[in-house]
Amino acid sequence: MSIGLSEQEIIRREALQQLRNLGINPYPAEAYEVNVTTEEILKNYPEDKTLYQNISFAGRIMSRRIMGSASFAELQDSTGRMQVYIKRDEICLGEDKTLYNTVFKKLLDIGDFVGVKGFVFTTQTGEISIHVLELKLLSKSLKPLPIVKRDEEGNIFDGFTDPEMRYRQRYVDLTVNPDLKQIFIKRSKVISTMRNYFDAQGWMEVETPILQPIHGGAAARPFKTHHNTLDMPLFLRIANELYLKRLIVAGFDGVYEFGKMFRNEGMDRTHNPEYTAMEIYVAYRDYIWMMGMVEECLEKVALAIHASSKVTVGTYEIDFAGPYEKLTMFESIQKYTGIDVSELDEAGLRQVCLDLKIETDPSMGKGKLIDEIFGEKVEGNLIQPTFITDYPLEMTPLAKKHRSKEGLVERFELFVNGKEIANAYSELNDPIDQRARFEDQLLLANRGDEEAMATDEDFLRALEYGMPPTAGLGFGIDRLVMLMTNQSTIQEVLFFPQMRTEKKMKVASIADYEALGVPTEWVPVLLKMGFNTVEELKAANPNKVFNDLGGMRKKLKLDITIPSKEVVLEWFA
RNA sequence: GACUUGGUAGCUCAGCUGGUAGAGCAACUGACUCUUAAUCAGUGGGUCGAGGGUUCGAACCCCUCCCAGGUCACCA
């Protein structure tokens, strides 16, 4: 990374000034009429060649092939790339050929937005193109885009692939790798499909607080913040469960929320500090009903994205049509380890972990130990959608006790491609039991479990007023989108994955140099010469700096006056 | 947090046992009226992630740090 402007950036800034000198506003304020997109042209023109004979089109210049007085360029709009054909004598009707010779050939660059008017035709080599009759600059680009070349088979040359640059500069990534847009279009479709399905059932989309005084509803480490006026600590939510259940208490039959959750934990290819969850609560239902709802909902999502319930993920073909396989937690452990852990006590479970070479620590209770065995031996095998049901009570403080099985709760998690994507309960609505469960969490916390859930007194008060039997579901949207778009990292399905901030090299401001008496126009030259701070400049030899200024003036072809030697010497005073 | 791989021109990458920094694309100058990874001729462009050390000499060797990818740990 160079400090000042690169050669290409300087050239573009000069072009910008020349455009202004020609009376062309590089950033015009007025709207530009666009009456057709690439997608529409490519779809409809081959069927009816009389279409699009008087169009107004806009896009970003992505390539140019100039051949004397005629040129081809590719313009990229939101739907694709369209080739345009520009002929000098057609866009410059009179004697003045400046628009073509100077503006188009010299002053426009890859990355600029332009508008064109003209008609659609097919070239001799068979490509549908726009024959340009009018050309207008809509926005000048000052930084050169990475050039990604593709041949006819779609092979990519010089791809823009560095993940760091792709994630930090998504706008560049999406510009030069427009296929990526499909991931985000599908993401939007996943959410809208779910939303439409829920709305059709009469359930209502709601919003609940992101800033919460108690981070309840899940086991995770939160982000902590502070409200100045209230002078109190607040947490960014790790879940919205307890608020949504308050709304069921309030008398809504079905509420759901798509929203960001925040967890102050590790980051990797399946975890971003903020992620999108969908939680839904429906009164008078239970977790068995919820399984059917999930099957129906996911099949609709798969159909909306792929027009099929079958989705290719990595080397697997995953079928989202229900019914899905259902295994209890204990059955699944028995299936994949051959061990029946259903009757074991804490010591017995600890021994099983030892036998299976699974690490444990003393803070782990019975529930956590079972979860460890499951996570280590079972989870990765669950490729096709599978409901794991009936979890140990200890690890699930917000779910209702199982209607018939002692020590278990009515809960399921949905696993797909070896990863959990959903979690649901018959919600605990017995306020006395709920208080006891919170107290059990306190015991775990005292044993050193950092993630044990805190007691929420207001939530308990709400339950005491009475909550109908309710089925609740939490859904990891990012992970679902990963499945639906066949991506292996969460970063690829987020527009702006979390990154460490870029370190800016310490550079003196223009004002710092001006304070020394350096003329404004010479400041960039000093920066270019490598003097990033006033201190660095002062440490240099004044005579050499003076001489070098002349050298730089010549090298950069600058048309500015060199300060006198006396002036330069004063910089060092 | 641990281990590991990487950071060189606007982009993608070479750079041998340490000896004056290279290519393709992009840019610039010129030729060219249906090209399409356009073509042809010529030119410029680098704090080799940052800072220290070893050396006559460091992109290269050593140390520290920064950033990213991968694996693991934690988690959804």
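Just so we're on the same page: letters track the sequence lines, and every chain starts at 1.
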A:Tyr85 side-chain proximity, nearest of B:C34, B:G10, B:C67: B:C34

Spacing of A:Met165 atom CE relative to B:G6 atom P, expressed in whole Å: 18 Å

Closest heavy-atom pair and its distance - A:Leu99, A:Ile91: CD2-O, 3.6 Å

Least distance between heavy atoms, A:Thr389 atom then A:Phe412 atom: CG2-CB, 3.9 Å

Between protein and nucleotides 38-41 of chain B, what N or O pairs are separated by less than 3.5 Å?
unit_1	atom_1	unit_2	atom_2	d
B:A38	OP1	A:Lys149	NZ	2.3
B:A38	OP2	A:Arg65	NH1	3.0
B:A38	N6	A:Ile66	O	2.7

Under-4.0 Å side-chain N/O to phosphate OP1/OP2 contact, A:Lys106 with B:G30: yes

Touch class at under 4.0 angstrom, heavy-atom based, for A:Phe121 against every strand present: base

RNA chain B: 5'-proximal contact among A:Ile147 and A:Asp162 (nearest heavy atom): A:Asp162

Atom-to-atom span, CE of A:Met62 to P of B:A27 - whole angstrom: 12 Å

Span that lies between the C1' atom of B:U39 and that of B:U12, in whole angstrom: 22 Å

Between B:G46 (P) and A:Glu7 (CD): distance, integer Å: 7 Å

Same-atom distance (P) from B:U55 to B:G18, integer angstrom: 16 Å

Check: A:Phe57 ring centre within less than 6.0 Å of A:Tyr52 ring centre: no

Residue-phosphate contact under 4.0 Å: A:Arg269 side-chain N/O, B:U71 OP1/OP2: yes

B:C65 to B:C25 separation - P atoms, rounded to the nearest Å: 41 Å

Within 6.0 angstrom of A:Lys419 NZ, more than 12 heavy atoms from elsewhere: no

Out of B:G10, B:C28, B:A68, whichever nucleotide has its closest atom nearest the side chain of A:Ile11: B:C28

A:Pro163, nearest nucleotide to its side chain (from B:G69, B:U35, B:C67): B:G69

Nearest heavy atoms of A:Ala277 and A:Met261, plus distance in Å: CB-CG, 3.8 Å

Ring pair (Phe, Tyr, Trp, His ring centres under 6.0 Å) between A:Phe374 and A:Phe415, worked out: CA-CA 12 Å; A:Phe374 176 82; A:Phe415 289 84; 5.1 Å; yes

A:Asp173 CG - B:G69 C1' separation (whole Å): 15 Å

Nearest non-hydrogen partners of A:Gln83 and A:Glu127, listed with the distance: CB-OE2, 3.5 Å

Touch class at under 4.0 angstrom, heavy-atom based, for A:Gly159 against every strand present: sugar-phosphate

C1'-based separation of B:C13 from B:G7 [nearest Å]: 13 Å

Nearest-neighbour nucleotide for the A:Thr123 side chain, B:U12, B:G10, B:U36 considered: B:U36

Closest to the A:Lys87 side chain, choosing from B:A76, B:G10, B:U33: B:U33

Sugar-phosphate only, base, or nothing, as touched by A:Asp478 at under 4.0 Å among non-hydrogen atoms: nothing

Heavy atoms of other groups near A:Gln53 CD, more than 12 under 6.0 Å: yes

Touch class at under 4.0 angstrom, heavy-atom based, for A:Arg168 against every strand present: sugar-phosphate

Nucleotide opposite B:C65 in a Watson-Crick or G-U pair, distances under 3.5 Å: B:G49

Separation of B:A76 P from A:Ile421 CD1 (nearest whole Å): 15 Å

Span that lies between the P atom of B:U47 and that of B:G10, in whole angstrom: 7 Å

5′-ward residue of the pair A:Arg263/A:Gln491 relative to RNA chain B: A:Gln491

From B:A76, B:A27, B:U35, nucleotide with atom closest to A:Gln8 side chain: B:A27

Sugar-phosphate only, base, or nothing, as touched by A:Met261 at under 4.0 Å among non-hydrogen atoms: nothing

For B:G22, the Watson-Crick or wobble partner whose two distances fall under 3.5 Å: B:C13

B:G1 pairs with, by Watson-Crick or G-U criteria that keep both distances under 3.5 Å: B:C72

Separation between the C1' atoms of B:A23 and B:C48, rounded to whole Å: 16 Å

Candidate nucleotides B:G10, B:A68, B:U35, ranked by approach to the side chain of A:Pro144 - the nearest: B:G10

Nearest-angstrom distance, P atom, B:C62 to B:A37: 45 Å

A:Glu127 (side chain) and B:U35 (base): donor-acceptor pair under 3.5 Å: no

Short side-chain to backbone donor-acceptor contact, A:Thr98 and A:Thr102, under 3.5 Å: no

Opposite nucleotide pairing with B:A27, Watson-Crick or G-U, both atom distances under 3.5 Å: B:U43

Nearest-angstrom distance from the residue atom CG of A:Leu145 to P of B:A27: 11 Å

Sugar-phosphate only, base, or nothing, as touched by A:Asn272 at under 4.0 Å among non-hydrogen atoms: base

No-H, no-angle donor-acceptor pair, A:Asp268 side chain to B:C74 base, under 3.5 Å: yes

Rounded interatomic separation in angstrom, taking CD from A:Glu274 and C1' from B:A76: 14 Å

NZ/A:Lys43: more than 12 non-hydrogen atoms of other groups inside 6.0 Å: no

P-based separation of B:G49 from B:C60 [nearest Å]: 8 Å

Sugar-phosphate, base or nothing in reach of A:Glu420, heavy atoms under 4.0 Å: sugar-phosphate

Assigned partner base of B:U35, Watson-Crick or wobble definition, under 3.5 Å: none

Between C1' of B:A9 and CG of A:Leu5, the distance in whole Å: 15 Å

Residue of the set A:Tyr256, A:Phe475, A:Tyr281 for which ring-ring contact (aromatic ring centres under 6.0 Å, His included) holds with A:Phe198: A:Tyr256

